[in-house]
Every structure is written in structure tokens, then in C-alpha cells.
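Below is one structure, written out as C-alpha cells; comments come after it.
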There are 2 protein chains.
Amino acid sequence: MDVMPVSDLSHAAQNYLKLIWSATEWSPAPITVSVMAERLGVRPSTVSDGIKKLAGQGLVTHAPYGSIELTDAGRAHAVAMVRRHRLLETFLVDVLGYSWDEVHDEAEVLEHTVSDTLIDRMDRKLGHPVRDPHGDPIPGADGRPSMPKGTQLSAAAAGNTVAITRISDADPQMLRYFTELGLAPDTRLTVTEHRPYADVTTVRVHEPERDIDLGASASDAIWVVAV
Amino acid sequence: MDVMPVSDLSHAAQNYLKLIWSATEWSPAPITVSVMAERLGVRPSTVSDGIKKLAGQGLVTHAPYGSIELTDAGRAHAVAMVRRHRLLETFLVDVLGYSWDEVHDEAEVLEHTVSDTLIDRMDRKLGHPVRDPHGDPIPGADGRPSMPKGTQLSAAAAGNTVAITRISDADPQMLRYFTELGLAPDTRLTVTEHRPYADVTTVRVHEPERDIDLGASASDAIWVVAV
DNA sequence: CAAATTTGTTCGTTAAGCCTAACATTTAAG
DNA sequence: CTTAAATGTTAGGCTTAACGAACAAATTTG
Ligand SMILES: [Mn+2]
Ligand SMILES: [Mn+2]
Ligand SMILES: [Mn+2]
Ligand SMILES: [Mn+2]
């Protein structure tokens with residue numbers, strides 16, 4: 001059974017696979033049709049049709065109303081797409097001076113049209129980076145994803161001192177806000193407290209030392225590990 | 001009358017416009033449906049339909065069986081696409097270490113998906129280059145094409161000393177052959193003779209001094225100016 | 001547990017871009 | 001000038017990815 005190259009898949013199929021894989025990268029619950037539709041900006045019926053087609057190609061397993069799971073072949077394609085996306089983001093920031101809030105949309109399109117050769121050249125030029133500008137791990141050329149660790153800041157215990165490992169790149173405006181606050185991958189901070197009904201998490205950051213209040217969406221977008 | 005951004009056109013429409021414009025860049029005769037079909041690798045009926053659609057959008061003028069001419073709006077889009085294509089080729093060679101025979105196909109795809117922002121960043125990083133790796137002029141961001149001069153080597157008078165201004169990038173294999181021969185934009189040479197029925201042009205190149213015999217396809221692909 | 005709501009699927013339609021086959025026009029030869 | 005060849009156009013179909021409407025299943029609520 002030959003594995004077709006990613007370039008033989010439609011852009012839509014590539015986006016589906018990448019999204020299915022990404023959904024389980026930081027949390028274990030498998031993705032649903034309606035969540036996919038919302039993220040991709042299409043109707044659920046479109047996704048339902050698309051998933052059925054992917055199942056026919058042996059890239060996902062899915063029975064009607066059942067869960068959506070990648071096959072080994074589907075996962076290989078998905079990881080290849082994630083690698084493309086994250087290398088592109090890194091290249092745009094490191095070589096072309098983009099800021100981290102500008103790169104996601106550009107990479108979302110380019111990931112489908114750059115050749116394997118171009119990916120290799122960017123990877124070489126960048127010195128085989130292992131994390132993208134948002135802290136997300138870049139899978140290797142061999143297709144082995146590097147498994148990330150971490151929890152959402154909103155779930156980190158008060159009193160702990162942690163380092164930021166990744167910040168979700170989903171919302172450019174939020175990324176610009178984090179830039180203002182001086183929050184980025186590798187920033188260290190101490191979780192001061194969670195105020196549950198206000199949905200506010202307070203953290204203390206050094207250099208300069210300061211306290212920052214973060215709402216639920218912000219503290220969900222930031223992932224941390226103990227240091 | 002607003003001019004829509006290039007990104008609002010289909011990839012096919014972008015390719016059509018670029019091809020129509022390019023056809024008259026180095027020779028005056030307007031392009032035909034069958035030549036377009038051959039270059040684009042599609043059937044003439046496909047091109048005929050496509051041209052009709054472009055005419056409906058006000059990007060070309062064309063009556064059935066008539067000639068194909070760009071409108072001002074069509075020309076603006078075409079020049080923007082040529083700029084994209086040539087900046088991409090230059091970027092791939094100068095920044096990512098591609099050789100000049102590898103870049104055309106990659107640029108042919110990427111030109112449709114890179115953003116205006118990315119084009120600007122590449123242009124800045126490259127220092128606003130005016131020629132691509134094949135010697136073709138890169139139109140400015142203002143949309144003003146730089147008018148190239150030159151004649152095909154096959155049409156240059158024997159005895160003249162000339163400089164290569166451009167080499168057609170249509171055939172990668174020929175480009176690799178020219179690399180072996182040491183022929184590139186700005187190479188100076190003296191046209192020794194044309195042997196008409198053999199269809200061979202002999203030229204003398206310096207450093208190291210050597211004579212080179214070029215067949216018709218090669219001497220048609222090379223454009224020169226008097227020095 | 002039954003009803004209401006949410007979620008997912010199927011089906012018919014549309015728009016692009018491509019194809020082949022048939023036909024029309026223009027150009028080139030005799 | 002008339003026919004033959006080359007070139008261009010039109011019409012009808014195919015595929016893909018999208019949509020909405022109608023329907024089915026699963027989940028939540030009362
Ligand atoms: Mn994408
Ligand atoms: Mn990212
Ligand atoms: Mn080119
Ligand atoms: Mn193209």
C-alpha cells in the first residue's frame with residue numbers, strides 16, 4: 001500500500017487532516033464535525049461530506065455519527081502538514097521579519113503550495129528548528145512528532161513557578177496583547193492566584209517584576225510547564 | 001472603477017493574464033489561443049472559454065476569432081503577477097540557494113498564494129532587485145514594467161560583440177546546459193558566424209576564451225544587447 | 001423516560017475549470 | 001478562386017468543494 005505524497009491531496013483534505021491531528025495535540029478529546037466546521041469556516045454538511053471522503057481514502061476511520069480518528073496514513077499526512085505550517089511560520093519570523101501574530105494566516109495558505117524541496121531548504125537555512133514562534137514543536141522530516149508537554153495556565157496550581165511553552169496562535173489580536181505584556185515562549189512566571197468567579201488568573205513576571213491579570217481566554221491560550 | 005486585487009482572480013485567470021503579457025514582452029506579435037493552450041498544458045477549448053470570461057470581466061478585449069489584447073486593468077494584474085513571479089525566483093536563488101533551473105516551476109505555483117505583504121518583505125530583503133536570475137526585468141511595486149531591450153542571439157549580426165541580457169527560463173535542462181557552458185546574464189561574447197542550413201550559431205566567449213556552437217533552440221533562448 | 005434540542009448526515013444544486021466532440025471561421029495551398 | 005488545413009468556438013459532461021433544506025441520530029432537559 002503506497003502512501004501518496006501530501007501534494008496529491010486537495011487543500012481541503014490537507015486542512016482536515018491537520019486540524020484533526022492538532023485537536024488532540026494538547027488535549028485528548030477527539031474533534032467533532034461541528035468544531036471542525038467552525039474552525040474551517042464551512043458548514044457542517046461540508047465537513048461531513050469531506051470526512052466521508054477521507055474515510056474512503058483510508059485516511060480516517062469514521063462511521064456515521066461516530067468519532068473521527070486518523071489512520072496511520074492519515075496521521076503521516078497530518079504531521080507532514082503541521083511540519084510545513086510551523087516551518088513556514090518560523091521562516092517568516094526569522095528570515096523575513098514577520099511578527100508572530102502575522103504568520104499564521106500566511107502559513108495556512110502557503111503550507112499547501114510549497115514544495116518538499118522548499119521546505120527542506122527553509123529547514124536547513126533555519127538550522128532545523130524544533131519550535132515555531134508560538135512555541136509549538138516542529139515535527140521532524142522523518143515524520144516523528146515531538147510530543148509536547150504542558151498544561152493550560154488556567155489549570156496551573158497557584159504558587160507554582162512555571163515557564164511558558166506555547167501560546168495558541170489562533171487569535172492574532174491576543175498575540176499582540178501578549179507582546180505588549182512581554183509574554184512569549186520561555187517567559188517564566190509565578191502563578192499568584194485564580195479567582196474563580198471573576199475568571200481571572202494573576203501571575204507575577206520578572207524583569208521587570210510585575211503582576212498581570214489574565215482573563216479566561218488568555219489563560220487558556222497559554223501553556224506552561226513546571227521549571 | 002475599482003481595480004480588484006490580484007488575489008480576487010482565479011489562479012487560471014492570473015496565469016492567462018501573465019502569459020498574455022509575457023508574450024509581447026520580447027516580441028510584438030500578440031498571442032493566440034492555441035499557443036496559450038500549449039504553454040499552459042490545457043486544451044484550446046479551455047483557453048477559449050477562459051478568454052471569454054476574462055473579456056466579460058473587462059480584463060482583455062476579444063471578439064470571437066479576433067486577437068487577444070489586455071485592457072489597462074488586465075495589464076495591471078498581469079504586471080503584478082510578473083513581479084510576483086520574478087521576485088519569487090530571485091528570492092529562491094539568492095536566499096534559499098536554489099539554482100536558476102529549479103525556480104520557475106516553484107514560482108509558477110507560489111505566485112498565486114503569497115500575500116502582498118510577503119512580496120514586499122522579499123523585495124526589501126533582496127534590496128529591491130531589478131532583474132531575476134534569468135535576466136528578466138522585475139516590474140516595480142508601482143506596477144511600472146521596466147522595458148527590456150535586446151534581440152535573440154540567433155538574430156544578432158555576425159561580428160558583433162554583445163552581452164547576454166536574458167535567457168528564457170522555459171526549459172530547465174537547457175539552463176543546466178548553459179550553466180555548464182558558463183553562459184549567464186551579463187556574459188559577454190562575440191558572434192562569430194551563423195551557419196544557416198546547419199542552424200548553428202558560433203560565438204566566442206572570454207575567460208576562458210572558447211568557441212561555442214549553439215543550435216537554433218539555444219540561440220533563440222538567449223537575448224543579447226550590443227555593448 | 002419522553003420531549004426538546006443539538007449534532008450529524010444525505011441529497012440536490014451551483015460555480016469553476018477542465019475535457020471531448022462537433023461545428024464555425026480563418027488562413028494557406030493548389 | 002476554390003478547396004483543404006489549421007485555428008478557434010460552442011455545447012454537453014465530469015469532478016470538486018462548497019451550500020441549504022430535509023432528515024436522522026444522539027444528547028440534554030424537564
Ligand atoms: Mn491550510
Ligand atoms: Mn504556530
Ligand atoms: Mn520564470
Ligand atoms: Mn502560475
Side-chain angles (χ1 to χ4, degrees), chain A residues 4-20 23 29-70 74 77-78 81 108-109 111-113, chain B residues 4-20 23-24 27 29-70 74 77-78 81 108-109 111-113:
Chain A
M4 67 187 120
V6 285
S7 48
D8 284 2
L9 296 171
S10 71
H11 293 190
Q14 292 175 346
N15 284 333
Y16 288 168
L17 294 173
K18 180 160 67 79
L19 178 54
I20 296 166
I31 200 165
T32 65
V33 168
S34 49
V35 169
M36 288 185 66
E38 201 267 317
R39 293 277 208 94
L40 295 167
V42 298
R43 294 297 176 165
S45 59
T46 304
V47 173
S48 187
D49 280 350
I51 295 293
K52 187 159 68 167
K53 194 148 161 255
L54 288 179
Q57 295 172 96
L59 298 169
V60 303
T61 56
H62 177 63
Y65 302 100
S67 68
I68 301 163
E69 312 271 3
L70 293 170
H77 287 306
M81 289 309 298
E108 195 59 53
V109 177
E111 62 189 4
H112 307 290
T113 52
Chain B
M4 70 186 119
V6 285
S7 48
D8 284 2
L9 296 171
S10 71
H11 293 188
Q14 292 174 344
N15 283 331
Y16 287 168
L17 294 173
K18 181 161 63 82
L19 178 55
I20 295 166
T24 53
S27 68
I31 200 165
T32 64
V33 168
S34 50
V35 169
M36 287 185 68
E38 202 265 320
R39 294 277 208 93
L40 295 167
V42 298
R43 296 297 178 166
S45 58
T46 303
V47 173
S48 188
D49 278 351
I51 294 294
K52 188 159 66 169
K53 196 149 159 252
L54 288 179
Q57 295 172 96
L59 298 168
V60 303
T61 57
H62 176 63
Y65 302 100
S67 68
I68 300 163
E69 312 271 3
L70 293 170
H77 288 305
M81 290 307 300
E108 193 61 52
V109 177
E111 63 189 4
H112 306 291
T113 52

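Numbers restart at 1 for each chain; the letters A, B, ... are given by sequence-line order, proteins then strands.
- Relative to the side chain of A12(B), the nucleotides dT9(C), dC19(D), dG17(C) differ in distance, and dG17(C) lies closest.
- For the pair H62(B) (side chain) and E69(B) (backbone), a donor-acceptor distance under 3.5 Å is absent.
- Atom CG of N15(B) is separated from atom P of dG17(C) by 11 Å (rounded to the nearest Å).
- Of the listed nucleotides (dA17(D), dC19(C), dC11(C)), dC19(C) has the atom at the smallest distance from the side chain of D49(B).
- Among the nucleotides dA17(D), dG17(C), dC18(C), the one closest to the side chain of Y16(B) is dC18(C).
- We find that CD1 of I51(B) is positioned 17 Å from P of dT7(D), with the value rounded to whole Å.
- Looking at heavy atoms from C-beta onward, Q14(B) lies out of side-chain contact with H77(B) at the 4.5 angstrom threshold.
- Checking dG20(D), dA21(C), dC18(C) against every side-chain atom of S45(A), the shortest atom distance belongs to dG20(D).
- Proximity of K53(B) to the phosphate of dA15(C): no side-chain N or O atom is located under 4.0 Å from OP1 or OP2.
- Nucleotide dA17(D) holds its C1' atom 15 Å from the CG atom of L9(A), rounded to whole Å.
- Position along DNA chain D of the nearest nucleotide to R43(A) versus Y65(A) favours R43(A) as the more 5'-ward residue.
- For the pair M36(A) CE and dA17(D) C1', the interatomic distance rounds to 14 Å; values are reported in whole Å.
- Considering only side-chain atoms of P64(A), the nucleotide from dT7(D), dC19(D), dT9(C) that sits closest is dT9(C).
- Residue S34(A) is classed as a sugar-phosphate contact, given heavy-atom separations below 4.0 Å to backbone atoms only.
- In this structure the side chain of K53(A) never reaches within 4.5 angstrom of the side chain of D49(A), judged on heavy atoms.
- Using a 4.0 Å cut-off, no side-chain N or O of T32(B) falls inside it from OP1 or OP2 of dT7(D).
- The closest side-chain heavy-atom distance from V35(A) to L19(A) is not below 4.5 Å.
- Atom NZ in K52(A) sits about 15 Å away from atom C1' in dT16(D), given to the nearest Å.
- Remark: the S48(A) side chain and the dT10(C) base include no donor-acceptor N/O pair separated by less than 3.5 Å.
- Taking side-chain N and O atoms only, H62(A) has a distance below 4.0 Å to OP1 or OP2 of dT9(C).
- In this structure, the side chains of H11(B) and T113(B) come closer than 4.5 Å at one or more pairs of heavy atoms.
- To the nearest angstrom, C1' of dT9(D) lies 12 Å from CD1 of I68(B).
- The CG atom of L40(B) sits 12 Å away from the C1' atom of dG17(C) (whole-angstrom rounding).
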